[in-house]
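What follows is a short report on a single structure.
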Amino acid sequence: MKNNSFLLSAKGICTAAFLSLNTILYAQKAADISTLSEKTLSTILEKNRTYYTQGKVADYIPELGKMDAKAIAFSVVDKNGKVFNAGDVNKKFTMQSISKIISLMVAVNEKGEAHIFDKMGYFGSDKPFNHFSNLETTGKPLNPMMNAGAILTTSLISGDGEKPFLKILDMVRYITKNPSLDYNKSVYESEKSTGHRNRGMFYIMKNSGLISGNEDQLDNYFKQCSIELTAEDLAKIGYFFANQCVRFDGDATYKNADTAKLVESQMLTAGMYEFSGEYSRTVGLPSKSGVGGGITVSVPGKIGIGVFSPALDQHGNSLAGYHMILDLAKQYGLTIF
């Protein structure tokens, strides 16, 4: 009996030790984010560089089709606001749908969340970013991350003519601390001349009474999508929302935990369009993509990430960009889950 008790006790000790060791080993799998370096980013970038061969540069907007498919950049702003870059960090590209998180912030700051979301939903979607979804049935966009919802969001920002656009541009300049940022006139004209689907959404919402203005409001949307920036600028935007709307240099002019939470929740729910559910499972971070090839990522309370590679997957998300983010998230255990 004593021998049995001893064996059971010894077995219990060994099991506990094994579980404890496993816990330690598991914890050690994820590197400390404070060890991040530009060499780390370069290694991840080079590993994923060739994914561009499996993607396709967006050409439904003719000017976007001129982007160099081989261009690639990776940027991170750490908790202390320090910037790490790798790749074609000076390469400019247009924000496209990434601008939607900025227009949402501006609109909510002006009108309040209740007013904005009385006219649209918080829903995710299994449809592409430019799908009409339920506009023809309920008359309301599913969320502010799809084109219909973003067009409506921009129309709700106060001001005549291009004033709403200028508010969005000024906010992007503020967040990135880059007053030289502007929109690409050629891309804007290209978007405007080919944006018939967006124009259809605009008039359906105008018909249902959600929009009361004229096409100047749609032009503001085309302009915000045409704002040019770099992967570093995107990392700074990611940092901003990750840290309660505090800028990477500590400027807390717009600090607002609720606004940051709203924007990040929409990024997580619908920021990668119909890929958002799978992306949440694999990466698990609030992110927003654009068909210009950029993705901005917020790691709540920690860092901001920006990637650029214009070759897109079937969902309209940067293919190499996704894989760079995925590798970084795995290496440092960055998922929010």
Side-chain angles (χ1 to χ4, degrees), residues 58-64 94-113 115-125 127-169 171-172 183-227 263 266 270-271 273-274 288-292 316:
D59 57 7
Y60 68 95
I61 300 170
E63 280 296 311
L64 292 186
T94 52
M95 291 185 80
Q96 298 301 323
S97 287
I98 299 171
S99 66
K100 295 171 182 177
I101 60 177
I102 308 299
S103 58
L104 177 60
M105 175 191 172
V106 173
V108 168
N109 281 353
E110 275 194 0
K111 304 288 179 65
E113 181 179 345
H115 179 81
I116 303 302
F117 283 88
D118 179 56
K119 303 175 187 301
M120 68 183 80
Y122 292 91
F123 306 108
S125 174
K127 300 295 190 294
F129 60 88
N130 60 353
H131 197 273
F132 281 74
S133 295
N134 59 339
L135 278 187
E136 294 179 338
T137 52
T138 69
K140 293 183 178 182
L142 284 174
N143 60 61
M145 297 295 104
M146 294 180 76
N147 286 12
I151 290 167
L152 177 56
T153 299
T154 298
S155 77
L156 294 172
I157 298 172
S158 61
D160 298 325
E162 68 170 2
K163 285 181 182 177
F165 161 69
L166 293 175
K167 289 179 181 180
I168 295 167
L169 177 61
M171 186 59 72
V172 177
Y183 74 106
N184 184 309
K185 309 308 191 282
S186 297
V187 172
Y188 159 66
E189 292 294 344
S190 188
E191 295 212 27
K192 182 176 180 179
S193 64
T194 60
H196 307 306
R197 193 174 181 87
N198 288 327
R199 198 163 280 112
M201 294 176 191
F202 177 87
Y203 279 105
I204 287 175
M205 290 185 286
K206 186 174 173 66
N207 182 66
S208 65
L210 290 176
I211 290 176
S212 57
N214 56 37
E215 277 200 31
D216 284 352
Q217 296 178 324
L218 184 60
D219 287 349
N220 285 326
Y221 173 72
F222 291 140
K223 285 178 182 176
Q224 76 179 58
C225 289
S226 304
I227 295 172
V263 172
Q266 281 299 298
Y273 306 117
E274 72 273 29
K288 186 72 199 80
S289 66
V291 294

With a 4.5 Å heavy-atom cut-off, do Phe129 and Ser289 have their side chains touching? no
Under 4.5 Å between any side-chain heavy atoms of Pro144 and Met120, yes or no? yes
Search all heavy atoms of Leu210 against all heavy atoms of Pro141 and return the closest pair with its distance. CD1-CD, 4.0 Å
Does any non-hydrogen side-chain atom of His131 lie less than 4.5 Å from one of Ser125? no
Rounded to the nearest 0.5 Å, how far apart are OH of Tyr188 and OG of Ser193? 10.0 Å
Looking only at heavy atoms, what is the nearest atom pair of Gly292 and Gln96, with distance? N-CG, 3.5 Å
Tell me whether Lys185 at atom NZ has more than 12 heavy atoms from other residues, nucleotides or ligands lying less than 6.0 Å away. yes
Enter the distance from Thr154:OG1 to Phe165:CZ here, rounded to the nearest 0.5 Å. 10.5 Å
Is the backbone of Leu156 close enough, under 3.5 Å, to the side chain of Lys111 for a donor and an acceptor to pair up by distance? yes
Going by the salt bridge (charged side-chain N to carboxylate O under 4.0 Å, His left out) test, which pairs reach into residues 193-210, not counting sequence neighbours? Arg199-Glu215
Taking every heavy atom of Leu218 against every heavy atom of Asn198, the minimum-distance pair comes out as CD1-O, 4.2 Å
Distance col, row Glu63:CD vs Asn184:CG, nearest 0.5 angstrom, shows 6.5 Å
Pair Tyr221 + Phe202: ring centers closer than 6.0 Å: no
Exactly one of Val108, Ile102, Ile101 clears side-chain contact (heavy atoms from CB on, under 4.5 Å) with Leu104, and that residue is Val108
Would you compute the distance between atom CD1 of Ile61 and atom OG of Ser186 and round it to the nearest 0.5 angstrom? 13.0 Å
Does either side chain, that of Gln224 or that of Ser99, offer a donor lying less than 3.5 Å from an acceptor on the other one? yes
Smallest heavy-atom separation, Met205 atom then Ala148 atom, equals CE-O, 3.2 Å
Measure from the side-chain N and O atoms of Ser155 to the backbone N and O of Leu152, and report whether any donor-acceptor pair falls under 3.5 Å. yes
Test the Lys119-Phe117 pair against the cation-pi criterion, namely NZ or CZ under 6.0 angstrom from the six-membered ring centroid and within 45° of the ring axis. no
Please report the closest heavy-atom contact between Met145 and Tyr273, naming both atoms and the distance. O-CE2, 3.5 Å
For Pro164 and Ser158, which heavy atoms make the closest approach, and how far apart are they? CG-O, 3.8 Å
Enclosure of Asn214 CG (heavy-atom neighbours >12, cutoff 6.0 Å): yes
Take Lys100 and Asn147, measure what side chain to side chain donor-acceptor pair (under 3.5 Å) needs, and give me the verdict at the end. CA-CA 9 Å; Lys100 295 171 182 177; Asn147 286 12; 2.8 Å; yes
Separation of Glu162 CD from Asp219 CG (nearest 0.5 Å): 10.0 Å
From CG (Asn143) to CZ (Phe123), nearest 0.5 Å: 9.5 Å
